[in-house]
Amino acid sequence: MRSLWPAVFGLVWQFAQAQPAGTPSIVFGQSAPLSGPAGQLGVEMNFGANVYFHEVNRKGGIHGRRLELKVLDDRNEPKRTVDNTKRLITEDRVFALLGYVGAATTQAAVPTLNQHGIPLVGVFSGADSFRAPNNPNIFNVRAGYLEESQAIVRHLLTVGLTRIAVFYENDANGQSGLLGVEGALKERGLHPVATGFVEPNGIDVAQAVKQIVPAEPQAVVMISAYGGSVSFIREVQKLAKPPSLWNVSFVGSQVLSRELDERGRGIQISQVVPFPWNANVPVVREYQQAMAQVNGELSFGSLEGYITAKIAVEGLRRAGKVPTRASYVAGLESMTSFDVGGYPIRFQPGNHNGSSFVDLTMMTSNQRFVR
């Protein structure tokens, strides 16, 4: 599996070298998997955020202060995320947090960020635990798994597929996605014909296959990172007549396509950001131009990181010349109708769920996507 982490390291070094010595800075912190079975998710998210920060710094920063993003690898392990969050807050003295990845890891860190009253902008997870009840310190950029599940189920039913199974990761991400599919089906008087799971960071899907295949589903909705999803897909594709296969955005679309290559043709994925190759969307066009400056590979994950960073910076602009965490939260909450560039965001006091955008895409046989 090809890792983007060396490219990210080089990009961060390049950005640091470009800053004049002694320039005051505002530092954001990020704990994310940069290695391990979910490493590509964190690497892409971090890369996109750094690209946007670089663009802001190149134009003079925010109120004369440059932006930095301090990232620590948690390998998608909750204990590491907690330790990283404590270090970022108490030792690195970050102003705010940005771009965490995963439900179980982020949830483990919530008591720490609540204790210190530090804002977190953007979680690469659609889990309900960050959405209801509203956490005053967490600002969700992406749509939740409920919206993704509803979009998938609605499409499947429209084309006449009613026997739907669910394969999920046995953590807060997967369980939240399972509930989303169950809820979307229940609204239409249906229920999953079978369910099966894989353990977090795991690839042993034998039991899940035994639970799902005998039910003869017409479609399987997967809520899992790419490691477990790849293993499940390879097993199911051995069937004489495999079901239609779907995944939610958390899977990591680019790495899934690379791992499956020709076998990925026809697999469909819901997305929570615009199509990264559609320059007709203003924020995508801006992102493409910024990525071209650093020879970056376009991806859904890095676009999400870019958009998340752009929203975080807009909150800073609204927080005043000498921002505090309180004024920063107020700045974010004032974004009641903010257009990121064809991607609307709506934050307000009591509701920090910024977007409900969901798109449906399909993998082709040449590691590309269509919509």
Side-chain angles (χ1 to χ4, degrees), residues 19 23-32 45-46 48-50 52-53 56-57 60-72 74 81-103 105-125 127 129-142 304-338 340 345-355:
Q19 304 305 325
T23 304
S25 62
I26 297 175
V27 183
F28 285 79
Q30 179 185 27
S31 179
M45 189 80 167
N46 178 265
N50 265 310
Y52 184 74
F53 276 17
V56 173
N57 290 338
I62 298 297
H63 302 307
R65 301 172 69 180
R66 67 188 181 94
L67 304 175
E68 293 182 19
L69 180 56
K70 172 76 173 182
V71 62
L72 298 175
D74 60 30
T81 309
V82 173
D83 292 341
N84 287 351
T85 303
K86 290 178 179 177
R87 174 180 165 182
L88 289 167
I89 296 172
T90 61
E91 295 182 26
D92 296 313
R93 305 285 183 179
V94 300
F95 174 74
L97 302 170
L98 170 75
Y100 273 38
V101 174
T105 49
T106 305
Q107 191 61 51
V110 166
T112 300
L113 65 92
N114 284 344
Q115 175 188 350
H116 292 273
I118 186 165
L120 166 59
V121 181
V123 180
F124 192 91
S125 169
S129 55
F130 308 121
R131 290 167 167 74
N134 183 72
N135 185 316
N137 296 311
I138 297 178
F139 290 81
N140 296 297
V141 172
R142 57 163 39 219
E304 183 167 348
Y306 187 92
I307 289 173
T308 297
K310 187 168 185 176
I311 291 165
V313 170
E314 178 63 24
L316 271 181
R317 287 195 177 95
R318 299 176 182 221
K321 291 186 177 180
V322 186
T324 64
R325 287 173 182 163
S327 70
Y328 185 51
V329 167
L332 289 166
E333 289 183 336
S334 72
M335 296 164 63
T336 56
S337 182
F338 177 63
V340 182
I345 287 291
R346 295 178 179 85
F347 292 138
Q348 59 185 352
N351 187 347
H352 291 176
N353 300 324
S355 172

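Just so you know, these numbers use all the heavy atoms, side chains as well, and skip hydrogens, waters and symmetry mates. All figures in this text were calculated on a predicted structure; none of them were measured in a lab.
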- Residues that Phe139 engages under ring-ring contact (aromatic ring centres under 6.0 Å, His included), provided they are two or more places apart: Phe347, His352
- Message: Less than 4.0 angstrom from a charged side-chain N to a carboxylate O is my criterion; do Arg318 and Glu314 meet it?
- Response: yes
- Answer yes or no: is there a side-chain heavy-atom contact under 4.5 Å between Val141 and Glu304? no
- Query: Quick one: CG on Asn135 to CG on Asn114, what's the gap to the nearest 0.5 Å?
  - Reply: 4.5 Å
- Note on the structure: Tested for side-chain contact (heavy atoms from CB on, under 4.5 Å) against Val313, the lone hit among Leu98, Ile26, Leu67 is Leu67
- Could you tell me whether a side-chain N or O of Arg65 sits under 3.5 Å from a main-chain N or O of Ser25, the two making a donor and an acceptor? yes
- For Arg325 and Phe95, indicate whether the former's side chain and the latter's backbone hold a donor-acceptor pair under 3.5 Å. yes
- Can you find a heavy atom in the side chain of Phe53 that is under 4.5 Å from one in the side chain of Arg66? no
- Asp74 and Thr85: CA distance, side-chain angles, deciding distance, side-chain contact (heavy atoms from CB on, under 4.5 Å) verdict: CA-CA 10 Å; Asp74 60 30; Thr85 303; over 6 Å; no
- Is a donor on one side and an acceptor on the other found under 3.5 Å between the side chain of Lys70 and the backbone of Val94? no
- Query: Taking C-beta and beyond as the side chain, do Thr81 and Thr106 meet within less than 4.5 Å on heavy atoms?
  - Reply: no
- Message: I'd like to check Val27 versus Arg93 (side-chain heavy atoms, cut-off strictly below 4.5 Å). Are they in contact?
- Response: no
- Query: Donor-acceptor pair, Asn50 side chain versus Leu69 backbone, under 3.5 Å?
  - Reply: no
- Query: Would you say Ser327's side chain and Pro323's backbone share a donor-acceptor pair under 3.5 angstrom?
  - Reply: no
- Donor-acceptor contact below 3.5 Å, side chain Tyr328 vs main chain Ile118: no
